[in-house]
Chemist: 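Got a structure for you, questions after.
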Amino acid sequence: MTLFVRFAAHMADILDAMEEAGELPAGLNRKPVTVEPPRDLSHGDLATNAAMVLAKPAGTNPRALAEKIAARLEALDEVASVSIAGPGFINMTLTPETWAEELREIERLGSDYGRSDAGKGVTVNVEYVSANPTGPMHMGHCRGAVVGDALATLLEYAGHKVIREYYINDAGGQVDVLARSVHLRYREALGEDIGEIPEGLYPGAYLVPVGHKLATHYGSKFVDAPESEWLVLFRKTAVADMMDMIRDDLALLGIHHDVFASEAELQAAGKPDAAEKWLREHDLVYDGMLEAPKGEMPEDWEPVELPLFRSTNYGDDQDRPIKKSNGSWTYFGADMAYHYQKAQAADQLIDIWGADHAGTVKRIQAAVAALTEGKARFDVKLVQMVRLLRDGEPVKMSKRAGNFVTLADVVREVGKDVVRFTMLTRKADAQMDFDFAKVVEASKDNPVFYVNYAHARISSLGRRVAEAGIDLPEPDLSRLGTEELNLIKLAAQFPRIVDGAAHNREPHRISFYLNDLASAFHSWWNMGNDDPSKRIIVVNDVETTSVRLSLARQIGQIIRNGLMLMGVEALSEMQ
RNA sequence: GCGCCCGUAGCUCAGCUGGAUAGAGCAUUCGCCUUCUAAGCGAAUGGCCGCAGGUUCGAAUCCUGCCGGGCGCGCCA
């Protein structure tokens, strides 16, 4: 049990005892009670607001209540001193032995230090990437992919059961365009000069092999055939090949989904029809007129009666069509059924979307609320755009010309770990620059480097000791100094950081924490430059060396744990 | 017009589901290499947390209204 979990339990015990002793009324809401490190560490190691939040409901004043709680806290073996400050904060300083024990705990738990059961096994479905199967992954997809994947790992570590899912949009107009583009490549493979790829079709050379494959398989059979004879076949073949390509791209980032859900299969299985039926029975779908668009009026707009979902019941500004006038499902109509399907296999849903889809969040949340009758927690995380920079200049991309920067290119250039780490150095809903030069820069401005550098330094300590053949005694942790204890205090935050990041679904918090931890470590290391007696390896003092090395190793362990959550490998040397 | 996101140091950003005197990096200034990798470290300077109300013991954080910026709005995906 890590320290913060233990103190939350201590606090609960104390409040129980006070109830029993008649010092507190029974049944107070203890939810607002926290026991956490104060922002300003000069206040102590731990602080609780218990007296402030309980005073009013208990009919007493904060100071008086604080006195009573403080007396009981002071009686704990782990607590060295207690003080009451400000409006009623109770500050505690813990004994050095308590922190030494936490260091042992890190060593005991190793890669599990930080893991928790806070998620209580609740199943979370994280849907991310879900790029259209019409070409290779490009940098526009990258951030959502990394954020989704890191979030999934984080939730697992925090005690959730996680399903990593990819929704294949293989039923809409885009995949028909793909099939037509492939038909061109197919004709080309048979020797025809197709010239320029017409506007509106996918020009990318990655479709050439698909055309070849179809040509080899079917010969000239479909060259002059009407679209109805080949469209389905070409679409299916192309989508399958595109998905293989996308899976390969994702593998470059170390991303592997558990479930690939096909929109076409969903529709073939009649899921949207079932959803519509249920919604109509509950008067949540009706046939009605679509309101005219609020912004610029399209020239060809005309009122039409369509089946509309009552998303306005759930805060959307207008009801949304689930079918088009030609009878086929809208994207939303199918997506609604898809989310219902996901909710069958999970308690909570998370979608990772590009920020350009922000406008459709409300309707899908409305649909999930309706179909699950409000039972499933469902978060849509919007991921902002990444601006690619080279030499300080934005990299120009034109999707139409097909010259977008692919994810594979970027991974090839800077490496998987740099891409992943960098994508997690901003919160998801903030815009981000990705500068090819800066992300590989070996300086402290670059967290990717800075964190790894700390880890490499720690690794080098181990090598030095081994090379020197020094025989170290068991570390005597009573020899830990102030600086060392402060470092342990920061290291001990890791489990809290993990829980907070998981709870708020914000994986970037891990990278910020690691940067802080690395900074504290570099600072400690550097003290040895000014004062040789403060080095980690102190010549002719195996006792001190043993203690400090033990601490350094556990810092390294936490860096590895954090990097693991981000899907990044820790480096043992900086080449 | 409506909706979503965002306004925190000169710049880029954190701020832990409300906590004490708001933090880090860059930039600027000044220090530290007979070294466990200085690819680093330390110090100084720098803030009406967009504005105005509200909620309460307590607000950068929650609510409302403005101001300013970005994105979106169709039977597209």
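In what follows, every heavy atom counts, from backbone to side chain, and hydrogens, waters and symmetry copies are set aside. Quick caveat: nothing in here was measured; it's all calculated off a predicted structure. Numbered from 1 within each chain, the chains take letters A, B, ... in sequence-line order.
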Chemist: For A24(B), does OP1 or OP2 lie under 4.0 Å from any side-chain N or O of K444(A)?
Modeler: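 It does not, given that no N or O in the side chain of K444(A) lies less than 4.0 Å from OP1 or OP2 of A24(B).
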
Chemist: Have a look at R535(A) and say if it touches a base, only the backbone sugar-phosphate, or nothing, with a 4.0 Å heavy-atom cut-off.
Modeler: base

Chemist: Is there a side-chain contact between N529(A) and the phosphate of C41(B), meaning an N or O under 4.0 Å from OP1 or OP2?
Modeler: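 So the side-chain polar atoms of N529(A) never come under 4.0 Å of the phosphate oxygens OP1 or OP2 of C41(B).
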
Chemist: For C4(B), take OP1 and OP2 only and decide whether either is under 4.0 Å from a side-chain N or O of K362(A).
Modeler: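 Checking K362(A) against C4(B): at least one side-chain N or O falls below 4.0 Å of OP1 or OP2.
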
Chemist: What contact category does P32(A) fall into here, base, sugar-phosphate, or nothing, at under 4.0 angstrom with non-hydrogen atoms?
Modeler: nothing

Chemist: May I ask you to say what P62(A) touches in the nucleic acid, namely base, sugar-phosphate or nothing, with a heavy-atom cut-off under 4.0 Å?
Modeler: nothing

Chemist: So, is K56(A) close to the U56(B) phosphate, meaning a side-chain N or O under 4.0 Å from OP1 or OP2?
Modeler: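 So the side-chain polar atoms of K56(A) never come under 4.0 Å of the phosphate oxygens OP1 or OP2 of U56(B).
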
Chemist: For A501(A), which contact category applies under a 4.0 Å heavy-atom criterion: base, sugar-phosphate, or nothing?
Modeler: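 The answer is nothing, as A501(A) stays clear of every strand by at least 4.0 Å.
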
Chemist: Whether W525(A) contacts A38(B) is assessed here as follows: a side-chain N or O lying under 4.0 Å from the phosphate OP1 or OP2. Is that the case?
Modeler: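 Yes, within the criterion.
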
Chemist: Rounded to whole Å, how long is the line connecting atom CH2 of W524(A) with atom P of G42(B)?
Modeler: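 The answer, rounded to whole Å, is 15 Å.
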
Chemist: What do you reckon, do H357(A) and the base of G72(B) stack, with centroid distance below 5.5 Å and planes below 30°?
Modeler: no

Chemist: Just the rounded figure in Å: distance from C1' of C13(B) to CG of N446(A).
Modeler: 15 Å

Chemist: Would you indicate what A456(A) reaches in the nucleic acid, counting non-hydrogen atoms under 4.0 angstrom: base, sugar-phosphate, or nothing?
Modeler: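 Contact class for A456(A): base.
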
Chemist: Where each pair must be Watson-Crick or G-U wobble with both distances under 3.5 Å, what dot-bracket representation of RNA chain B is obtained, with crossing pairs in [ ] and other-strand partners as |?
Modeler: (((((.(..((((.....[...)))).(((((.......))))).....(((((..]....)))))).)))))....

Chemist: What do you reckon, are the aromatic ring centroids of Y338(A) and Y167(A) less than 6.0 Å apart?
Modeler: yes

Chemist: Can you tell me if R505(A) touches the phosphate of U17(B), counting only side-chain N or O atoms and a distance under 4.0 Å to OP1 or OP2?
Modeler: no

Chemist: Between K427(A) and G15(B), is there a side-chain N or O to OP1/OP2 distance below 4.0 Å?
Modeler: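 Looking at the OP1 and OP2 atoms of G15(B), one of them is under 4.0 Å from a side-chain N or O of K427(A).
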
Chemist: Does F512(A) reach a base, just sugar-phosphate, or nothing at all? Heavy atoms under 4.0 Å.
Modeler: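 Touches sugar-phosphate only.
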
Chemist: Does the Lys NZ or Arg CZ of R390(A) fall within the cation-pi geometry relative to F436(A) - under 6.0 Å from the ring centre and within 45° of the axis?
Modeler: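 Pair R390(A)/F436(A) counts as cation-pi.
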
Chemist: Taking syn as within 90° of 0 and anti otherwise, name the glycosidic form of G74(B).
Modeler: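 G74(B): syn.
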
Chemist: Any side-chain N or O of R320(A) below 4.0 angstrom from OP1/OP2 of G74(B)?
Modeler: yes

Chemist: Expressed in angstrom and rounded to an integer, what is the separation of E573(A) atom CD from C36(B) atom C1'?
Modeler: 15 Å

Chemist: A20(B) base stacked by F89(A)? Criteria: ring centres under 5.5 Å, plane angle under 30°.
Modeler: yes

Chemist: How long is the line joining CG of D433(A) and C1' of C11(B), in whole Å?
Modeler: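 Answer to the nearest Å: 12 Å.
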
Chemist: If you go through the side-chain atoms of N49(A), does one of them form a donor-acceptor pair with the base of A20(B) closer than 3.5 Å?
Modeler: no

Chemist: Can the ring centroids of H455(A) and F521(A) be said to lie less than 6.0 angstrom from one another?
Modeler: no

Chemist: At 4.0 Å (heavy atoms only), tell me whether V53(A) reaches a base, stays on the sugar-phosphate, or touches nothing.
Modeler: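 If one applies the 4.0 Å heavy-atom cut-off, V53(A) turns out to touch a base.
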
Chemist: Would you indicate what N452(A) reaches in the nucleic acid, counting non-hydrogen atoms under 4.0 angstrom: base, sugar-phosphate, or nothing?
Modeler: nothing

Chemist: Base, sugar-phosphate, or nothing: which does Y513(A) touch, judged by heavy atoms less than 4.0 Å apart?
Modeler: nothing

Chemist: When all nucleic acid strands are considered with a 4.0 Å heavy-atom cut-off, which category describes G88(A): base, sugar-phosphate, or nothing?
Modeler: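 No contact at all - G88(A) keeps every heavy atom at 4.0 Å or more from the nucleic acid.
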
Chemist: Under the 5.5 Å and 30° test, is H522(A) stacked on the base of G40(B)?
Modeler: no

Chemist: Please report the distance, rounded to the nearest Å, between CG in N326(A) and P in C75(B).
Modeler: 13 Å

Chemist: Would you please confirm or rule out a distance under 4.0 Å between OP1 or OP2 of U37(B) and any side-chain N or O of S460(A)?
Modeler: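 Yes, such a contact exists.
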
Chemist: Can you check whether H508(A) has a side-chain N or O nearer than 4.0 Å to OP1 or OP2 of C16(B)?
Modeler: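 No, no such contact exists.
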
Chemist: Are the side chains of S460(A) and E573(A) in touch, meaning some heavy atoms are under 4.5 Å apart?
Modeler: no

Chemist: Counting only side-chain N and O atoms of R363(A), is one of them less than 4.0 Å from OP1 or OP2 of G74(B)?
Modeler: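 So the side-chain polar atoms of R363(A) do come within 4.0 Å of the phosphate oxygens OP1 or OP2 of G74(B), strictly under.
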
Chemist: Once you apply a heavy-atom cut-off of 4.0 Å, does R496(A) come out as touching a base, just sugar-phosphate, or nothing?
Modeler: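 Here R496(A) touches the bases of the nucleic acid.
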
Chemist: Write down the distance between CG (L389(A)) and P (U12(B)), rounded to a whole number of angstrom.
Modeler: 13 Å

Chemist: Tell me whether the side-chain N/O atoms of T360(A) come closer than 4.0 Å to OP1 or OP2 in G72(B).
Modeler: no

Chemist: When you measure only distances, ignoring hydrogens and angles, does the side chain of T330(A) come within 3.5 Å of the base of C75(B) through a donor and an acceptor?
Modeler: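 It does not, because no donor-acceptor pair links the side chain of T330(A) to the base of C75(B) below 3.5 Å.
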
